Every structure is written in structure tokens, then in C-alpha cells.
Amino acid sequence: MMLPIISVKNFSKSFGNIKAVADLNLDVEKGELFGLIGPDGAGKTTTIRTLVTLIPPDSGQLFVNNLDVSKHLREIRSITGYMPQRFSLYPDLSVNQNLNFFANLFEVPKKEIPERKKRLFQFSNLEPFSKRLAGRLSGGMKQKLALSCTLIHNPLVLILDEPTTGVDPVSRNEFWIILKELKSEGVTILVSTPYMDEALKCDRIAIMHEGSILAQGKPDALTGRIENNIYKLTGIDLINHIDSIAKMPDIISVQSFGNSLHLTFPKNIPVEKIIEDIKQILKQNFILKQTEPSIEDLFIALVEGKNHNGK
Amino acid sequence: MRQILYLVQKEFRQIFRDKAMLRIIFIVPLIQILVLGNAITTDVKNIKIVIQDQDKTPYSRELILQFVHCKYFKTIGFEDNYTNLSDCLASGKANLAIVIPKHFQRHIVLNKKPDVQILVDGVDGNYAGVALGYATDILQKYQERLISSTPYLGFYAKNIHRVEKAPMFWYNPNLESKPYIVPGLIAILLLIITMFLTSMGIVREKEIGTLEQLMVTPIRSYQLVLGKVIPFSILGIVVINIAMGFIYLIFGIAVKGSLLFMVFESLIFIISTLGLGIFISTISETQQQALFMAWFTMICFILLSGFFFPIANMPYVIQKITLLNPLRYFIIILREIYLKGTSIKDLIPETLSLVAFGACLFIAAIIRFRKKIG
């Protein structure tokens with residue numbers, strides 16, 4: 001039977017008494033850019049580290065390209081590129097030396113190394129810095145070098161653990177452009193991120209929370225699933241009124257998004273009623289507009305739904 | 001094979017890039033040899049003595065002269081008061097006191113038994129023993145002169161079959177401590193470089209996260225270990241050869257035996273220390289922890305190796321414990337090669353012990369390393 005390129009079935013993993021991942025199921029198809037979305041402690045890193053054979057699963061089956069992670073460690077390692085959360089290349093070796101080192105460890109044929117480096121330099125723009133020590137690169141450049149080192153052996157699957165955490169917004173954007181390019185070359189990419197806005201850049205996502213997946217699918221399909229109205233409230237000094245707005249009878253949840261608030265309320269409540277209620281709290285002008293639900297709204301709705309069911 | 005080669009190359013690049021570390025690796029041994037080689041001395045010289053002569057006769061003065069002229073003793077004064085004399089010992093002004101009682105001469109002349117009291121500061125037992133030995137030697141020589149110069153006794157003395165001792169110390173004729181200490185220093189140098197650098201090197205990769213990056217490459221854990229261990233072994237062997245050069249230049253002590261044999265034994269010894277280094281790396285998360293563990297191990301090894309204190313002087317149980325210390329065997333081997341030029345056939349038990357320890361430690365370390373990391 002042909003499995004998807006990454007297939008996780010009933011995967012569980014605990015550390016002592018802490019259940020990191022519970023009964024997780026996940027499929028990533030060949031050529032997909034798949035996002036694991038969730039806050040810190042959701043179990044993203046545990047899932048990823050198990051997939052790249054660094055830790056064994058407690059139970060369940062995980063396959064990468066039809067290879068079982070608990071049996072074919074070396075085979076999986078040679079077809080995957082893994083970039084851990086922390087930048088981890090040799091700071092006291094130069095860009096070039098780092099690339100050569102990993103190329104040799106992955107047994108890239110000697111003749112092919114210069115050509116592959118050239119290709120990687122094309123997207124990373126690191127060629128002018130090839131003699132610089134890795135420790136002296138900027139954060140964004142380090143990130144690109146780390147990615148280059150994980151790509152030097154032309155992996156079938158690229159697995160990235162929070163690659164954009166702690167990277168400036170410009171470099172983050174560049175990084176996602178590079179990922180798109182790689183995807184267009186046919187590389188399957190599994191990427192985890194705590195940034196909800198990055199989810200929209202993925203083909204499919206899985207939203208993780210407390211060790212399990214709350215929802216999985218195409219980002220817009222998932223947000224379309226939200227059954228409540230989401231309205232965006234803009235005005236002055238809204239932050240001070242969050243509590244009183246949240247206490248309004250029909251409001252399910254209030255979230256602040258920069259200077260505005262996202263209000264969630266059931267579809268059967270007319271907007272006019274909400275406006276009346278807000279008028280009583282805010283003695284000033286405000287704008288209330290229906291908005292497309294974001295991944296963050298979805299996440300909140302899912303978590304609250306889960307908590308609600310739990311009660 | 002190719003992967004090991006690149007791991008080794010990477011390790012050397014890192015060693016040579018870190019100028020501070022490089023200085024430590026090459027300059028510290030030099031300082032260690034210079035300072036410790038001179039400082040660690042069990043030679044007993046310049047024993048300070050104070051003399052009380054209650055007799056004040058030609059015979060007693062004759063005896064005192066023997067002490068004053070002896071190169072091992074330094075007379076710091078004469079005391080007539082017994083309390084002052086004991087004060088000299090208590091305050092450390094003198095290490096040894098000689099009391100010649102009244103009627104010393106009379107007892108000799110009347111063929112009675114003359115007494116001489118020797119008081120020794122016994123805090124450092126080893127030192128006290130050696131000092132007392134020198135003092136009794138002088139007394140014995142004095143007695144012999146007395147016998148041969150006594151008219152009728154001298155005649156008999158010539159015809160008595162007395163056994164005379166004529167000691168001769170081989171391999172280290174002047175009983176200097178430097179030739180004894182120096183091979184030990186080389187052993188410790190090798191211990192430090194291989195054990196410390198290996199454990200720190202692995203833990204450092206853990207700290208900066210590169211170990212995780214290495215783990216997801218298809219290299220096997222034995223390749224990873226060899227890639228770490230080979231560079232530090234080479235470094236260790238190079239450093240001890242430099243150290244031996246320094247020792248020859250500074251102290252004029254050269255290796256009597258075969259240099260090749262010494263390197264061979266060093267390589268066997270290194271298996272143990274590298275094993276320990278790897279083991280320490282598996283139980284440490286930070287370089288500080290590794291350093292502390294390595295330091296602790298090193299101190300135990302040195303104290304129980306016979307480097308400072310002869311193993312024969314230790315309590316029975318401790319003596320048995322030293323049998324578990326690879327450094328003990330290696331120091332014996334090095335001293336034998338360095339001072340006597342002993343060849344392998346006389347060092348087989350020690351060599352085999354080292355091989356056994358090395359194999360056990362290294363295999364245990366690798367198993368633990370694989371379990372923790374591989």
C-alpha cells in the first residue's frame with residue numbers, strides 16, 4: 001500500500017508524567033507545504049523530533065516515505081533535511097566549510113558539491129560571505145545557511161521546526177519565499193510555527209494544542225468552518241474596555257488584534273443589538289465591520305469549543 | 001571512512017581556530033613541567049638542626065663537627081636551655097635537635113655506654129624518617145672512627161669480621177625526585193588532554209546544538225565517536241612528545257627506553273582516558289558539569305596513582321582500590337621506560353591491565369553514548 005510521504009498514526013509520546021503528544025494522526029502528501037500550527041508546548045517539536053528519528057515514539061506508527069521511523073533510522077536520515085529550532089551550525093567554521101562538512105557527512109558525491117553549493121547560493125545570496133565564519137552572520141543569514149546545510153543532500157522531505165522564530169520580519173518573509181521556491185521544485189515541506197499568520201502560506205495545516213490536533217485541512221476551508229460571526233471593532237482606547245465588552249450577554253469571545261478587537265458572537269444575534277450594547281459601554285465613535293475569520297480566530301474558537309466540550 | 005575523515009578535519013579546524021584553546025594546550029604543559037618538575041620534590045636537603053652540648057668536651061665537639069660539616073644539615077644554632085630547644089622544634093625553626101648529655105666523653109673513656117638524644121619534628125613522617133636516617137649515619141661513622149682510633153680496640157676491630165654496608169642506588173643514583181616525578185607529569189598531561197578535551201568537545205556540541213544536527217545525518221555513532229577521539233589522541237601524542245623535548249632541555253632527563261614503545265603504551269593508555277571522556281560527556285549537559293566531573297576523576301586518579309605517595313605506604317584497602325586505576329599502571333610503565341629503559345617483556349602485566357581497562361571503559365562509554373545519543 002502506498003502511504004502519503006509522511007504518515008503518522010495514533011502517535012503518543014510522554015516525558016515522565018507529562019503527555020507531550022496523545023494519539024496524533026497526520027498525513028502529508030508528496031509535494032505539499034504542510035504547516036503544524038500551535039502555541040509553545042503544543043507538541044509540535046516532539047512530533048517533529050520523532051519523525052526525524054531523534055526520539056523513539058511511545059506508541060503508534062510513523063512513516064517517512066514508507067519507512068518506519070523506529071526501524072529505518074539511517075535511511076530516513078539520508079532522505080530528510082531537518083532544521084532544529086535552534087540555529088546549530090559550527091560558529092567557528094566558515095559558511096563554505098559548514099556546507100562542505102555537511103555535504104560530506106551526507107555522502108554527496110564529491111563532483112556534485114560545487115554545483116549544489118552554487119544552486120544553494122542562488123537563493124540564499126550567501127556567496128559573498130562564503131569565507132565568513134558562521135558565528136559572525138546576521139540572524140537571517142544564519143537561518144539561510146542552516147537551511148542550505150539541510151538542503152545540501154537534496155532531501156525528499158524537508159522538516160523545519162519553527163524556522164522563523166526569533167527572525168526579523170523581512171527575513172521571515174524572504175524565508176517563506178524560499179520555501180515556496182523549494183516546493184515548486186517538488187520538495188515536500190513540513191514546517192512548524194507558532195505564528196498563526198504564517199499558516200495562510202501553507203497548502204494545508206494542522207492546528208495543534210496540548211498534544212493533539214484540533215483541526216486539519218486547507219487554511220481557508222478551516223476558517224470557513226467557524227459558525228459564529230466575527231466582527232472587527234476599531235476605535236480609540238479599546239484596550240481599557242475589553243473586560244466590559246467581554247461581559248456583554250451575547251459575546252462569545254473578545255480578542256485584541258493590534259489596535260482593534262475581534263468580537264465573536266452567534267450568527268442568530270442581529271448586529272444591531274451588538275452595536276447598541278457597545279454604544280452603552282463606549283461613549284465615543286467606533287467602527288464595527290464584519291471580517292474574514294483569521295487562523296487565530298479559528299484557533300481560539302477551537303480551543304474554546306474543546307474546553308466547552310470538556311466541561 | 002570518508003565521513004570520519006571529514007569529522008577529524010572539522011575537529012582540527014576548530015582546534016586551530018580557537019587561539020586561546022591552542023595556547024592552553026601547548027603552553028600549560030610547559031608551565032606545568034617547569035613549575036611542578038621543580039616544586040614537587042621529595043628530596044630531603046637542608047635539614048635545620050639545633051644542638052645542645054651539655055658535655056662541652058673534645059669528644060662532644062668532634063661529634064658536633066660531623067653534623068656541621070654534613071651537606072644535608074644546616075646548623076642554625078646552639079641552645080643551652082632545654083625549653084628553648086623544644087621551642088625551636090615547635091616553631092619550626094629547626095627540624096631536628098641533637099642533645100649531647102653530660103659525661104658523654106667520660107662514658108666513652110670509661111667504656112660505658114654514651115647516649116645521644118635526637119629529637120625530630122615528626123609532622124612530615126617521610127621527611128622525619130629520612131632526616132633521622134642521615135643523623136644515625138653520622139653517628140655510626142663517628143662510632144667507627146672512635147673504635148679504630150681507640151688503641152687496643154682498634155687492633156681487635158681490624159680482625160673482627162664485621163659486615164660493612166656499601167649501598168648503591170641504581171637508575172637514579174642520587175635519589176633525586178625529578179627523574180621520578182617527570183614521567184608522572186607526562187602521564188597526567190596525557191590524561192588531561194585526552195579526557196578533558198574529549199568530554200568538553202562532545203558536550204560543547206551538545207550545548208550549541210550541533211550534535212542534534214549530526215545525529216540526523218546518516219553517520220553512525222561509532223563514526224561520530226572516532227571523529228572526536230582521533231584528533232584528541234593525535235594532539236595528546238604530539239603534546240607529550242613536545243613535553244619530553246622540554247624535559248630534556250630543562251632537566252636533562254632523556255628517555256632511556258624506546259620512544260616508539262612509549263608512544264605505543266601511551267596509545268593504550270589513551271583508550272581508557274578517551275572512554276572516560278566520552279562517558280563524562282554522556283552524563284553532562286553543560287561544559288561546566290563536564291569540567292567538574294573530569295576534574296574530580298583526575299584528582300582521584302592522581303592521588304591513587306602513586307604519583308606523589310608510594311602505593312606501598314597506603315592502607316591495604318586503598319592499595320587494592322588503586323588496582324582499578326589505569327593511571328597507576330601507566331605511571332609505572334612510564335617510569336620504567338623513562339628511567340630504566342625496560343622493554344615490553346618486563347611490562348606485560350601492566351600493559352595487559354591497561355588494555356583490559358581501556359577495553360572495558362571504552363566499550364561501556366560507547367554503549368552509553370549510543371543509548372543517550374545514537
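Keep in mind that what you see is a predicted model, and the values were worked out from it rather than measured. A, B, ... follow the sequence lines: proteins, then strands. Residue 1 opens every chain.
- With a 4.5 Å cut-off on non-hydrogen atoms, A/Ile76 does not touch chain B at all.
- Here the straight-line distance linking atom CE of B/Met215 with atom CG of A/Leu54 works out to 7.5 Å at 0.5 Å rounding.
- Residue contact with chain B, scored on non-hydrogen atoms closer than 4.5 Å, involves the backbone and the side chain of A/Glu107 alike.
- Around atom CZ of B/Arg220, no more than 12 heavy atoms belonging to other residues, nucleotides or ligands sit under 6.0 Å away.
- Heavy-atom proximity under 4.5 angstrom to chain A picks out B/Tyr6, B/Leu7, B/Lys10, B/Arg13, B/Gln14, B/Arg17 from residues 6-19 of chain B.
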- Item | Full working for side-chain hydrogen bond (donor to acceptor under 3.5 Å, both in side chains) between B/Glu212 and A/Tyr82 | CA-CA 10 Å; B/Glu212 183 156 307; A/Tyr82 163 59; 2.8 Å; yes

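- Using a 4.5 Å cut-off between heavy atoms, A/Phe101 touches chain B through its side chain atoms alone.
- Residues A/Val108 and B/Arg2 come closest through the heavy atom pair O-NH2, 2.6 Å.
- A/Glu115 CD: 12 or fewer foreign heavy atoms inside a 6.0 Å radius.
- Summarising the geometry of A/Leu105 relative to B/Pro218, their closest heavy-atom pair is O-CD, 3.8 Å, with the distance given to 0.1 Å.
- For A/Arg77 against B/Thr217, the heavy-atom pair with the smallest separation is CD-O, 3.5 Å.
- Within the structure, every pair that satisfies the salt bridge (charged side-chain N to carboxylate O under 4.0 Å, His left out) test and touches residues 270-295 of chain B, not counting sequence neighbours, is listed here: B/Lys206-B/Glu285.
- Among residues two or more places apart in sequence or in another chain, the ring pair (Phe, Tyr, Trp, His ring centres under 6.0 Å) test is passed with A/His72 by none.
- The number of heavy-atom neighbours closer than 6.0 Å to CZ of B/Phe292, taken from other residues, nucleotides and ligands shown, is 12 or below.
- Considering only residues two or more places apart in sequence or on other chains, A/Asp203 meets the salt bridge (charged side-chain N to carboxylate O under 4.0 Å, His left out) condition with A/Lys183.
- Few gaps surround CG on B/Leu249; more than 12 heavy atoms of other groups in view lie less than 6.0 Å from it.
- Contact tally against chain B (heavy-atom pairs below 4.5 Å) for A/His153, A/Glu75, A/Arg49: the top residue is A/Arg49.
- The distance from atom CG of A/Leu93 to atom OG1 of B/Thr210, rounded to the nearest 0.5 Å, is 9.5 Å.
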